[in-house]
Protein chains: 2
Amino acid sequence: MDLMTDRITREQIVGVAVELLARGGLHALAMRRIASELGVQQSALYWHFDNKQQLLGAVADRVVAPVVVPTGTTKDTPVEALTARLRGELLRYPDGAELVATAFAFRLGANDAYQHLVDELERAGSARPHAEIAASVLWHFVLGYVTDEQQHRQAAELGAIQPTTDEATLSADDRFTQAIDLILAGTSLSEASPPATLR
Amino acid sequence: MDLMTDRITREQIVGVAVELLARGGLHALAMRRIASELGVQQSALYWHFDNKQQLLGAVADRVVAPVVVPTGTTKDTPVEALTARLRGELLRYPDGAELVATAFAFRLGANDAYQHLVDELERAGSARPHAEIAASVLWHFVLGYVTDEQQHRQAAELGAIQPTTDEATLSADDRFTQAIDLILAGTSLSEASPPATLR
DNA sequence: ACCTGAACACCGTTCAAGT
DNA sequence: ACCTGAACACCGTTCAAGT
């Protein structure tokens, strides 16, 4: 599909890594599989990346790249829309949230997406130190929540769990939105209507 | 140290697993190492546990067990004290937060600790559905934040990062407390003083 | 009931050597 | 500069067989 060059680039490596992630989750992201998909020895990857963590960082960057877009493209309140978009992108790949969380913890990926969240909070009216606290809360919640979501999805596919008959139980979407609203209510800039189920 | 019985129990397995975790983090928690520490073959562990995930779940239970204590033992506001205690216990073991997060995601560990958080929020005045949302936010934030903290600590020990000269930078403790206060401010039951750096 | 011995099917990483 | 070939030092899990 690519123009045939025997030489391999970082971008190609990240490309097939993202494909493998999409198909089989983190489990499929083995150096040997990436290499064989490229028709190359595993050790060849180590000329382009110091180790697997750095490669995963680049994959994480690619996964969350779509959330870093110029503001004003959405008519929704920016911060709420941003968190919803982040969740959406993470859900596109199995283990997406876990991958990004790990990469970010090592500061090897997703740094731009995080910074974008801080910036949006500032533009929405939060002073610097407060915006950083709020961003930290929002970020860790989204990653933790979606990790949970995806792990359950996987467990359900293995038949380990039946889909918990949806009676009187909020959907994952609703619970997510309510949680984001709760957090934003704690920041003075609560654009969102305060949670209806207050007391 | 133990009375010499050639037979091994689940409790003994979990015990040496916790010791290994304390010494070397998740990296040291290999089935072979646990087995050899007990003077037994690796395969022997699989008679007591279905797989490693279940064993890790039991370890996670042990790690967070101290946070599940009867209320009223502390004079602080219960929810704030509970989250602080949870962070404290996680910090006692390298990779403590990551371990508990993974085990909880699979619902194989730390369920009691999570339920305790929901209960405390209810006793503090939150209605059921709201308490569940708030617990989810608090829980994911604490685990995500402490995972980050511990990963940085490890990276710093490898000399990969210098300790970021503490000038004008909030301590990890202060940032944690402020974040918890922000979340609790979003719940109607803001016992905590609203964050000083609001706008 | 509880464990051994041995194998199976994998991993990430390194490194001399090739071109 | 970029990659091969081959090895090193590990993993979790299974399963017949022993006691």
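Just so you know, these numbers use all the heavy atoms, side chains as well, and skip hydrogens, waters and symmetry mates. All figures in this text were calculated on a predicted structure; none of them were measured in a lab.
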Distance test, side-chain N/O of A:His48 to OP1/OP2 of D:dC3, below 4.0 Å
yes
Dot-bracket for DNA chain C: what is it, with Watson-Crick or G-U pairs under 3.5 Å, [ ] where a pair crosses earlier ones, and | for a pair to another strand?
||.|||||...|||||.||
Taking the same atom, C1', in D:dC8 and in C:dC11, what whole-Å distance lies between them?
12 Å
Distance (rounded to the nearest 0.5 Å) between A:Arg33 CZ and A:His27 NE2:
7.5 Å
What is the separation between atom CG on B:Leu45 and atom P on C:dC3, rounded to the nearest whole Å?
9 Å
Which distance, rounded to the nearest 0.5 Å, do you find between the OG1 of A:Thr187 and the CD1 of B:Ile183?
12.0 Å
Check whether any side-chain N or O of A:His140 sits under 3.5 Å from a backbone N or O of B:Leu143 as a donor-acceptor pair, and report yes or no.
no
What about A:Leu45 and A:Leu26, same hydrophobic cluster or not, with Ile/Leu/Val/Met/Phe/Trp/Tyr joined at side-chain heavy-atom distances under 4.5 Å?
yes
Say whether, by atom type as modelled, one donor and one acceptor occur between the side chain of A:Gln150 and the main chain of A:Leu90 under 3.5 angstrom.
yes
Say we look at C:dA16 and D:dC3: how far apart would their C1' atoms be, to the nearest angstrom?
13 Å
Treat each ILVMFWY residue as a node, draw an edge where side-chain heavy atoms are under 4.5 Å apart, and state whether B:Phe106 and B:Leu21 are in one component.
no
So if you build clusters from Ile, Leu, Val, Met, Phe, Trp, Tyr with side-chain heavy-atom gaps below 4.5 Å, do A:Phe49 and A:Leu108 land together?
no
What residues in residues 95-106 of chain A put a non-hydrogen atom under 4.0 Å from any atom of DNA chain D?
none
What is the ring orientation for B:Tyr114 with B:Phe104, classed by angle as parallel under 30°, tilted 30 to 60°, or perpendicular over 60°?
tilted
Counting N and O atoms only, with roles assigned by atom type, does the side chain of A:Arg10 sit under 3.5 Å from a partner on the main chain of A:His48, one being a donor and the other an acceptor?
yes
What string of B, S and - do you get for nucleotides 9-19 of chain D, 5' to 3', when a contact is any protein heavy atom under 4.0 Å?
--BBBBB----
Any idea how A:Phe176 and A:Tyr145 line up, ring-wise: parallel (<30°), tilted (30 to 60°), or perpendicular (>60°)?
tilted
For the pair made of CG in A:Leu38 and C1' in D:dT4, what is the distance, rounded to whole Å?
15 Å
Between D:dA17 and C:dC2 - C1' atom distance, rounded Å
13 Å
Whole-Å gap separating P (D:dC3) and CH2 (A:Trp47)
7 Å
Distance-only, no hydrogens or angles: does the B:Ser136 side chain make a donor-acceptor pair with backbone N or O of B:Glu132 under 3.5 Å?
no
